[in-house]
Amino acid sequence: MNTAATLLIAVATRLIVAAGSPAAADPAALAPPVPTAETAVRDTDDGDRLKIVATVPTYGLLAETIGGELVDVITLTRPGQDVHGVMATPSLMARVRDSDLCLFTGLDAELWLDPMLRGSGNVHLLPGNPDAIVLSDGVDLKQIPPIVDRNQGDVHAWGNVHIWTDPLVVRSMAERVREELARRLPEHADEIDARHAAFHKELTEALVRWLTEYRDLKGRLVVVHHRSWIYFLERFGMVEEGNLEPKPRVAPTAAHLAELEALMKARGVKVIVREPYHALEPAEHASAATGAEILELSTHPGWPEGVDGIIEHFDYNLRSLAEALRSGDG
Amino acid sequence: MSVHTARGRRAPAAGRACGPLPRSSVPRAVRRDGAPSPRRPLGALPRSAARALLLPFALTAFSAPLAAQLTDDELREALEQALATIRDLEQRVATLEAGGEEDPLEAQLLRLIGDEEDVPPQRTVFPSILNPRIAVYMDTVAEAGNAEEQLGEDGDRFSLRETEVDFRLPISPFAEGVLVTTFEDIGNGEVETLIEEGYANINVNGLTGIDTPAQSKVGRFRVPFGRDNKLHVHDLIQVDRSFPVMNLVGEEGLIGDGVELTLPLTHTEDEDGLGSTTTVWLAVVNGEMFTGEESLLGGLADDAGVGLDSDAPVIVARASQYMELDPRSDLEIGASYLDRLGSGAVMTDMGTKIRPRMYGLDVTWRQRPEENLVGSWLVTGEAVQTEFGYGRATAPGFPSGTDTRRGYSVTAQRQMTNTTYAGLRYGKTDVLGTAIEASDISPYVSWYPTEFFRIRLQGQHIEMDPGRNANRVFMQATWNFGSHNPHPYWTNL
């Protein structure tokens with residue numbers, strides 16, 4: 001008891017002293033420490049790397065690819081994990097505590113990020129601050145709901161948030177990451193630009209190759225479990241014909257599956273795309289009824305094992321889809 | 001993991017580093033002031049006007065033999081080819097006009113992407129615009145069984161047990177305001193309104209400039225004693241709180257007016273990147289304690305006209321060690337302590353002055369299945385000991401001297417499908433203010449049709465000394481509307 005009381009008094013005294021100190025008396029000291037263009041510049045000569053927290057593996061890998069050894073990257077979700085279901089554990093909070101920059105989707109994709117950052121005490125990365133980099137800025141969002149209420153399921157208010165599935169969007173995200181890193185590490189801007197240029201070229205070459213090689217996928221019909229793939233599918237001209245979920249995050253019902261299966265048969269849908277974290281049974285049911293192949297695509301680099309890079313990740317998805325969609329072609 | 005490195009060539013100047021960007025739906029570069037980046041002009045003409053001029057030439061070039069010989073589809077294909085040629089030419093003109101050299105790769109990509117409609121630049125919109133995020137949680141319970149006749153508790157009825165309205169919003173760059181009000185069914189058609197929590201959550205570094213990750217709550221809040229006590233009713237993994245918490249801490253848990261400090265002490269990571277985090281909570285709240293008949297700030301004492309002006313506040317401390325055991329499982333061990341601050345007495349809900357001391361121990365182990373497939377495990381246990389020192393008996397039946405009581409509970413929960421969880425809880429506890437020892441065993445199944453709607457079925461078998469047994473069944477439906485805050489990490493997987 002006495003120890004606890006002493007600890008409390010010590011903390012209170014520290015607070016009082018701090019409040020009465022010259023620093024605290026300065027109104028500027030009480031203002032939120034928002035970094036300006038000058039203050040955001042970091043000196044990395046002493047090995048002090050820019051600490052970046054990324055909400056999903058794609059963003060983390062972009063930061064690593066463009067920042068190289070200038071950055072330390074923490075990614076908050078595992079490659080096979082549902083980005084909507086992250087829990088703010090004490091360890092995750094501790095990891096983001098000292099981060100300098102946050103790369104996240106924004107919109108309402110990462111609702112857990114705000115309490116995690118508040119819990120960590122790192123309020124400088126809260127959405128709206130200059131070091132909170134919203135990578136959905138400027139993206140032409142798809143599937144914007146006309147009405148936002150739970151009658152639509154667990155709907156995203158501003159549109160579909162799975163923008164990282166489009167390699168062209170990822171290419172633009174890389175440019176944004178380059179811009180943000182170069183602004184904070186101006187003495188390394190050439191190095192950052194060079195890394196970005198190399199990645200940009202590699203991804204652009206891959207895009208040209210994919211768009212040419214997989215041109216025949218245009219117009220092909222695909223059924224997905226959750227609406228996670230619309231940006232990817234439409235980039236390559238494929239059509240999301242239906243969802244196993246009757247509405248976002250609403251578990252498939254027998255009636256909905258029956259209706260969907262009839263549609264799949266009528267339209268000749270050959271592929272069902274799912275993520276590893278969704279129930280397998282609805283896909284199996286639809287597959288058994290229609291003969292469609294079930295595909296688990298890579299939601300982010302790192303899953304499945306061996307599909308580690310951004311290019312490889314898109315390669316894997318396109319190759320898997322093409323094999324499945326072309327399998328019945330004469 | 002692939003690493004894309006520079007290949008020794010000189011990087012182009014920023015802004016034109018990689019040739020012109022294709023037209024959006026590709027994200028457009030957005031300037032820091034929020035305005036879209038300027039596009040390259042096509043001479044003095046808008047692009048659409050230029051196309052209008054070019055199109056007749058293209059059609060003329062392709063059309064002479066077409067009308068008589070080609071089918072509609074072939075005509076359409078020829079037209080698409082002509083449009084593609086125009087796009088290519090437009091791109092080349094734009095590139096040349098911008099003073100750059102054409103990047104053939106970029107031009108090739110642009111041809112493959114095709115011409116997409118321009119869209120206005122979008123900026124991220126955050127839902128809270130000076131108004132608080134509001135969440136409403138409603139909890140209905142239907143109960144059936146013989147608890148009423150055996151234990152004298154209300155039962156056998158339907159009840160909108162609790163409606164909770166949660167408001168929260170940043171009130172400064174370093175503080176968030178939180179208000180949680182509840183409307184609780186207290187029977188006979190009456191509803192009790194309560195401010196369950198109302199506090200400012202302050203980032204100490206932002207407020208004071210002290211280099212610390214500490215946070216502080218000021219106001220009314222659930223005090224940091226144990227694990228179950230911190231949860232709101234809608235976050236509980238069973239219909240009701242565990243027996244030791246209900247009987248030793250309070251049916252509603254322990255809530256206090258005061259100040260709390262949360263201080264993350266250490267965080268280490270091993271060579272595999274597995275983290276271990278130590279956190280300490282310290283709170284000082286008014287000294288009003290639950291002692292067995294009424295929970296929360298002493299309703300009974302109020303009813304009896306007895307003041308609640310305690311002579312001493314209480315201090316509540318909790319320390320926890322959170323450990324990631326492997327990438328899919330973690331363990332948290334917490335210890336809690338409550339004592340009076342100073343030598344004064346603490347007032348109870350019965351109007352009794354006591355010298356309280358409480359100890360708590362909680363353990364939580366979670367295991368996620370591989371790749372988030374179905375089959376998570378959650379095992380959690382909590383033990384509580386209370387020591388209430390009574391100077392003199394001020395209410396009939398209350399003892400003098402020190403009254404020490406203990407209780408514990410253990411819960412194991414398994415995820416059965418993506419949306420269903422089944423669990424079993426066992427609890428055993430002394431009952432404050434009585435000589436009774438009670439135990440319960442409660443199996444339950446929770447089903448989440450959506451994240452915002454939950455249905456739960458729970459059975460409960462209760463044994464109380466001397467030889468009074470009861471059985472009851474709960475059917476619970478809980479739903480939320482409005483903004484939805486994430487659950488605490490330990491309440492589900």
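Lettering of chains follows the sequences in order, A, B, ..., and the numbering in each one begins at 1.
- By number of non-hydrogen pairs under 4.5 angstrom with chain B, the leading residue of A:Gly237, A:Gly153, A:Gly119 is A:Gly119.
- Among A:Ser91, A:Pro248, A:Ala182, A:Pro301, the residue making the largest number of heavy-atom pairs under 4.5 Å with chain B is A:Ser91.
- No more than 12 heavy atoms of other residues, nucleotides or ligands shown are found within 6.0 angstrom of CH2 on B:Trp447.
- Chain B forms more heavy-atom pairs under 4.5 Å with one residue of A:Ala189, A:Ala279, A:Gly302, A:Gly306 than with any other, namely A:Ala279.
- Classified by interplanar angle (parallel below 30°, tilted 30° to 60°, perpendicular above 60°), the ring pair B:Tyr337/B:Tyr359 is tilted.
- Take A:Glu234 and apply the side chain to side chain contact (heavy atoms under 4.5 Å, CB included) test, not counting sequence neighbours, and it matches A:Lys142, A:Ile230.
- At a 4.5 Å heavy-atom cutoff, the contact between A:Arg118 and chain B is made by backbone and side-chain atoms alike.
- Among A:Asp98, A:Leu207, A:Val250, A:Thr204, the residue making the largest number of heavy-atom pairs under 4.5 Å with chain B is A:Thr204.
- Here the closest heavy-atom approach between residue A:Thr212 and residue B:Leu112 is recorded as OG1-CD1, 3.6 Å.
- Checked against side chain to side chain contact (heavy atoms under 4.5 Å, CB included), A:Ala94 has the following partners two or more places apart in sequence or in another chain: A:Arg97, B:His267, B:Thr277.
- With chain B as the partner, the residue from A:Asp114, A:Leu211, A:Val208, A:Leu280 showing the most heavy-atom pairs under 4.5 Å is A:Val208.
- The number of heavy atoms from other shown groups lying within 6.0 Å of CD (A:Glu69) does not exceed 12.
- For B:Ser276, the part lying near chain A is the backbone, with the side chain staying farther off; criterion is any non-hydrogen pair under 4.5 Å.
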